[in-house]
Amino acid sequence: MPETQFRTTTRHMLRESKSYASQTLMGGLSGFESPIGLDRRDRIAALKSGDIGFVHSWDINTSVDGPGTRMTVFMSGCPLRCQYCQNPDTWKMRDGQPVYLDAMIRKVDRYKDLFKATHGGITFSGGESMMQPAFVSRVFHAAKEMGVHTCLDTSGFLNTNYTDEMLEDIDLCLLDVKSGNEETYHKVTGGVLQPTIDFGRRLAKAGKKIWVRFVLVPGLTDSEENVEQVANICESFGEAVEHIDVLGFHQLGRPKWHELRIPYPLENQKGPNAALRERVTKQFESHGFTVY
């Protein structure tokens, strides 16, 4: 695949290496070819076409980002401001590093045998990966041509950013249903709930598999009514939902808020106890869902 050429300007568009490294989630961006700087006009055009993507970091893992061994790519930029966000350093797209599409595809190709052997693949996370739909969907399309499993980790808030054609290259979606109640959803995220519901239904209609993620925060998302409404939303996705992950709130993200000097709204918040987790699990199970 031929390299995409851009006019270069100065290094001010990129973080200095030490500063950037201090903000990375996992393994940083070592191994990726990146433009040194971009002319503003080229940057906008390349983002729109997907010739580049702004990436925060990436890692090879066997955690909860989909089945098997996975390459998880954390994209920069997010329209929501969740109170419990673990990675506020991914909120602004400009804080990421531009990575060539070609470089990303070559990275997937490098690991394709590992992915196939472990039934793994590539996962795009964030931030919010749907802020850069052209880049993500083009990488997914290339991955599918290699026979590599694809997974999109998203809130679904940017539902309309993804076309029906783009959906074709998604094997699995990790869909964050952050609340079942509109008022609570807005309190948690600053956004609105309906786009998430719409995206889940589009995925189901397209025959895609969904793992629902729900963050359980005592006093915020834990009410019986809210959990019941989340369950009802999941039911509207039909057989697409393979299971629901109930993720207990924790304070692991707090140091990043402090480092970035952003007031942390859950400074003294405790995680759910065993009794609360059991109650919520049983609520979802009463609707026929498998819960992890």
Worked check of side-chain contact (heavy atoms from CB on, under 4.5 Å) between H243 and F289 | CA-CA 6 Å; H243 67 257; F289 293 113; over 6 Å; no
Where do N226 and Y185 land on the side-chain contact (heavy atoms from CB on, under 4.5 Å) test, with the steps shown first?
-> CA-CA 10 Å; N226 188 49; Y185 188 95; over 6 Å; no
Check step by step if side-chain contact (heavy atoms from CB on, under 4.5 Å) holds for M130 and L152.
-> CA-CA 9 Å; M130 289 176 71; L152 182 71; 4.1 Å; yes
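Between E278 and K282 a salt bridge is recorded (basic side-chain N to carboxylate O distance below 4.0 Å).
Sorted by first and then second residue, the salt bridge (Lys or Arg N to Asp or Glu O under 4.0 Å) pairs with a member in residues 144-166 read K144-D171, D153-R213, D164-R202; sequence neighbours excluded. Each ring-ring contact (aromatic ring centres under 6.0 Å, His included) pair with one or both residues in residues 245-271, not counting sequence neighbours, appears once here: W91-W257, W257-Y264. Residue pairs meeting the ring-ring contact (aromatic ring centres under 6.0 Å, His included) criterion with at least one member in residues 142-163, sequence neighbours excluded, do not occur. Listed by first and then second residue, the ring-ring contact (aromatic ring centres under 6.0 Å, His included) pairs that reach into residues 118-148 are F124-F140, sequence neighbours excluded.
Judged by distance alone, with hydrogens and angles left aside, the side-chain atoms of S137 form no donor-acceptor pair with the main-chain N or O of M166 at under 3.5 Å. Judged purely by atom type and a 3.5 angstrom limit, N273 uses its side chain to pair as donor or acceptor with the backbone of A275. Not a single donor-acceptor pair under 3.5 Å links the side chain of R138 to the backbone N or O of I105.
In this structure, E168 has no salt bridge (Lys or Arg N to Asp or Glu O under 4.0 Å) partners at least two apart in sequence or on a different chain. The side chain to side chain contact (heavy atoms under 4.5 Å, CB included) test applied to K92 returns R94, D95, not counting sequence neighbours. Under the salt bridge (Lys or Arg N to Asp or Glu O under 4.0 Å) criterion, D109 pairs with K112, sequence neighbours left out. The salt bridge (Lys or Arg N to Asp or Glu O under 4.0 Å) check on R254 picks up E267, with sequence neighbours excluded. Residues passing the side chain to side chain contact (heavy atoms under 4.5 Å, CB included) test with T118, sequence neighbours excluded: T69, L114. With sequence neighbours left out, the salt bridge (Lys or Arg N to Asp or Glu O under 4.0 Å) criterion links K48 to no other residue.
The shortest distance between side-chain heavy atoms of V73 and K107 does not fall below 4.5 Å. In this structure the side chain of Q229 never reaches within 4.5 angstrom of the side chain of T184, judged on heavy atoms. Looking only at side-chain heavy atoms (C-beta outward), Q283 and E224 come within less than 4.5 Å of each other. For the pair K178 and T221, the minimum side-chain heavy-atom distance is 4.5 Å or more. No side-chain heavy atom of D222 sits under 4.5 Å from any side-chain heavy atom of V227. Using a 4.5 Å heavy-atom threshold, the side chains of M71 and V148 count as separate. Two residues are said to be in side-chain contact when any heavy atoms from C-beta on lie closer than 4.5 Å; S179 and L193 fail this criterion.
I60 CD1 to I122 CD1: the interatomic distance, rounded to the nearest 0.5 Å, is 8.5 Å.
I44 shares a hydrophobic cluster with no other residue; no ILVMFWY side chain has heavy atoms under 4.5 Å from its own. Cluster partners of L174 are L172, W211, counting Ile, Leu, Val, Met, Phe, Trp and Tyr whose side-chain heavy atoms approach within less than 4.5 Å, directly or via other members.
Of all the heavy atoms in R70 and P67, the pair that sits closest is NH1-O, 2.8 Å. Residues G191 and E182 come closest through the heavy atom pair O-OE2, 4.4 Å. Taking every heavy atom of both residues into account, Q83 and L220 meet most closely at OE1-CD2, 4.2 Å. In plain terms, the two heavy atoms of D245 and Y292 that are nearest each other are OD1-CB, 3.3 Å. T90 and G127 make their closest contact through OG1-N, 2.8 Å (heavy atoms, listed as atom of the first residue, atom of the second, distance). Taking both residues in full, the closest heavy atoms of L80 and S155 are given as CD1-OG, 3.7 Å, listed atom of the first, atom of the second, then distance.
Taking the six-membered ring where the residue is Trp, F115 and Y111 present tilted rings, their angle falling between 30° and 60°.
If you check the side chains of T72 and D59, you find no donor sitting under 3.5 Å from an acceptor.
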